[in-house]
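What's counted below: heavy atoms across the whole structure, side chains too, no hydrogens, waters or symmetry copies. In this chain, numbering begins with 1 at the start of the sequence shown.
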Amino acid sequence: MNPVLNTAVKAARRAGDMMLRAANNLPAVKIDSKAFNDFVSDIDRTAEEIIREILQEAYPQHKITAEEGGSSSPEKAEYEWIIDPLDGTTNYLHGHPQYAISMALLHKGVLQEALVYAPERNDLYLASRGEGALLNDRRIRVSSRIELNRCLIGTGFPVVDQSMMERYLNILRDFLAKTAGARREGAASLDLCAVACGRFDGFFEFNLKPWDIAAGALIVQEAGGIVTDMRGNEGWLESGDIVAAPPKVLAQMLQTIAPHLAA
């Protein structure tokens with residue numbers, strides 16, 4: 001493992017240990033609402049502080065962009081971390097173990113390193129550009145299925161932006177008619193990792209933030225998958241509209257989505 005990922009693992013494990021201790025007394029966790037169906041807890045904030053401290057000590061020249069604290073200087077840094085200190089806050093606050101720490105490093109805007117850590121399961125997903133993807137030190141690959149009607153698809157409901165719900169439900173209805181099923185587990189970083197290791201055959205969701213998808217997307221790509229926006233183009237990190245799957249499944253997913261997109 002390269003030194004950058006070693007540092008990221010150190011930060012993620014320390015934050016994860018804090019989360020596990022706090023999970024033993026969830027009623028004591030302070031919760032605030034950022035928007036409708038968008039919650040933040042003192043666990044999110046503490047995890048972010050732990051991660052920032054470790055990264056800034058090791059790489060003071062790197063910019064850090066994180067969900068709860070915004071961006072830190074230097075503004076024109078060549079390297080930028082994109083961090084979600086607790087992806088799946090609602091799951092965590094309900095004692096549901098589907099949550100993770102997500103960390104990605106970009107160099108001049110290009111994803112280079114990725115980490116997704118699920119503390120409850122002690123599952124550690126890693127990827128470096130051009131070097132493949134790992135789960136707990138074991139190399140992973142996307143699913144080999146090629147027929148959509150045999151595929152299990154992951155997704156996420158647009159609960160924050162309700163204006164997208166009708167379009168989303170129409171797309172989901174088509175997928176339910178054309179696939180072996182769909183699952184909504186509530187943490188996009190882990191959904192993408194599920195694609196990377198073949199547990200899901202594909203994933204789609206609208207209007208996500210960069211910290212939701214940056215790390216998981218690189219892990220998918222390094223596991224042999226493709227990541228696009230809903231029209232099959234680049235720009236998914238900026239738009240937050242994402243489809244991820246093995247190549248042949250991706251093409252069928254895009255065909256299913258296309259009739260529902262505005263001209």
Side-chain angles (χ1 to χ4, degrees), residues 1-12 15 47-48 51-87 100-117 124-134 140 142 156 161 187-193 195-196 203-245 247 250 254:
M1 194 187 309
N2 65 48
V4 172
L5 278 181
N6 268 324
T7 301
V9 169
K10 176 183 175 182
E48 186 170 310
I51 293 168
R52 278 183 181 274
E53 180 179 349
I54 292 172
L55 292 181
Q56 287 175 336
E57 180 179 359
Y59 302 106
Q61 75 278 23
H62 289 190
K63 179 180 178 181
I64 298 175
T65 299
E67 179 175 13
E68 308 309 334
S71 296
S72 67
S73 57
E75 288 297 321
K76 296 182 179 180
E78 288 189 6
Y79 289 91
E80 178 184 7
W81 291 92
I82 299 180
I83 298 165
D84 191 339
L86 177 48
D87 182 24
I101 296 160
S102 177
M103 304 170 64
L105 179 64
L106 289 77
H107 180 235
K108 296 183 178 179
V110 179
L111 284 164
Q112 297 294 333
E113 311 287 347
L115 172 153
V116 174
Y117 177 52
L124 178 65
Y125 299 86
L126 299 172
S128 297
R129 178 166 293 279
E131 297 183 16
L134 302 173
I140 54 176
V142 293
D161 184 359
S189 62
L190 287 176
D191 291 335
L192 287 163
C193 288
V195 174
F203 171 77
F204 78 98
E205 189 167 351
F206 287 97
N207 202 28
L208 291 167
K209 300 299 183 183
W211 45 78
D212 296 321
I213 55 179
L218 181 60
I219 292 168
V220 169
Q221 291 171 334
E222 289 300 317
I226 298 177
V227 179
T228 73
D229 67 9
M230 297 292 172
R231 299 180 186 276
N233 300 322
E234 298 292 334
W236 47 267
L237 191 60
E238 293 75 25
S239 71
D241 299 340
I242 188 169
V243 186
L250 182 93
L254 292 174

Could you tell me how the ring of Tyr59 sits relative to the ring of His62: parallel (under 30°), tilted (30 to 60°) or perpendicular (over 60°)?
parallel
Quick one: pull up CD1 in Ile101 and CD1 in Ile51 and give me the separation to the nearest 0.5 Å.
5.0 Å
So which heavy atom on Val195 is nearest to which on Ala244, and how close?
CG1-O, 4.0 Å
Nearest heavy atoms of Met230 and Val243, plus distance in Å
SD-CG2, 3.6 Å
Can you tell me how far apart CD1 (Ile83) and CD (Glu48) are? Round to the nearest 0.5 Å.
7.0 Å
Trace of the side chain to side chain contact (heavy atoms under 4.5 Å, CB included) decision for Gln221 with Leu218
CA-CA 5 Å; Gln221 291 171 334; Leu218 181 60; 3.8 Å; yes
For the pair Leu237 and Leu106, evaluate side chain to side chain contact (heavy atoms under 4.5 Å, CB included) and give the outcome as yes or no after the intermediate values.
CA-CA 12 Å; Leu237 191 60; Leu106 289 77; 4.3 Å; yes
So, Glu222 side chain and Glu131 main chain: donor-acceptor pair closer than 3.5 Å or not?
yes
Asp87: which residues meet the side-chain hydrogen bond (donor to acceptor under 3.5 Å, both in side chains) condition with it, sequence neighbours left out?
Ser189
When rounded to the nearest 0.5 Å, the distance separating CD of Glu205 from CG of Asp191 is 7.0 Å
Go through it in stages, so that I can follow the logic: the residues are Tyr79 and Gln61, the test is side chain to side chain contact (heavy atoms under 4.5 Å, CB included), and I'd like the CA-CA distance, side-chain angles, deciding distance and then a yes or no.
CA-CA 8 Å; Tyr79 289 91; Gln61 75 278 23; 5.6 Å; no
Could you tell me if the side chain of Glu113 sits less than 4.5 Å from the side chain of Asn2, heavy atoms only?
yes
Heavy atoms of Val116 and Ser102 approach each other most closely as CG2-OG, 4.2 Å
Of the non-hydrogen atoms in Trp236 and Asp241, which two are nearest, and what is the gap between them?
CB-O, 3.5 Å
Considering all heavy atoms of both residues, which atom of Val110 and which atom of Arg129 are nearest to each other, and what is their separation?
CG1-NE, 3.7 Å
Throw together a table of side-chain donor-acceptor distances under 3.5 angstrom for residues 208-215, partners on residues two or more places apart or in other chains.
from	atom 1	to	atom 2	distance (Å)
Asp212	OD2	Lys209	N	2.8

To the nearest 0.5 Å, how far apart are CG in Asp229 and CD1 in Ile242?
9.5 Å
Which pair of non-hydrogen atoms, one from Tyr125 and one from Ile219, has the smallest distance, and what is that distance?
CB-CD1, 3.7 Å
Rounded to the nearest 0.5 Å, what separates atom CG in Leu115 from atom NZ in Lys10?
14.5 Å
Check against side chain to side chain contact (heavy atoms under 4.5 Å, CB included), Glu80 and Thr65
CA-CA 7 Å; Glu80 178 184 7; Thr65 299; 2.6 Å; yes
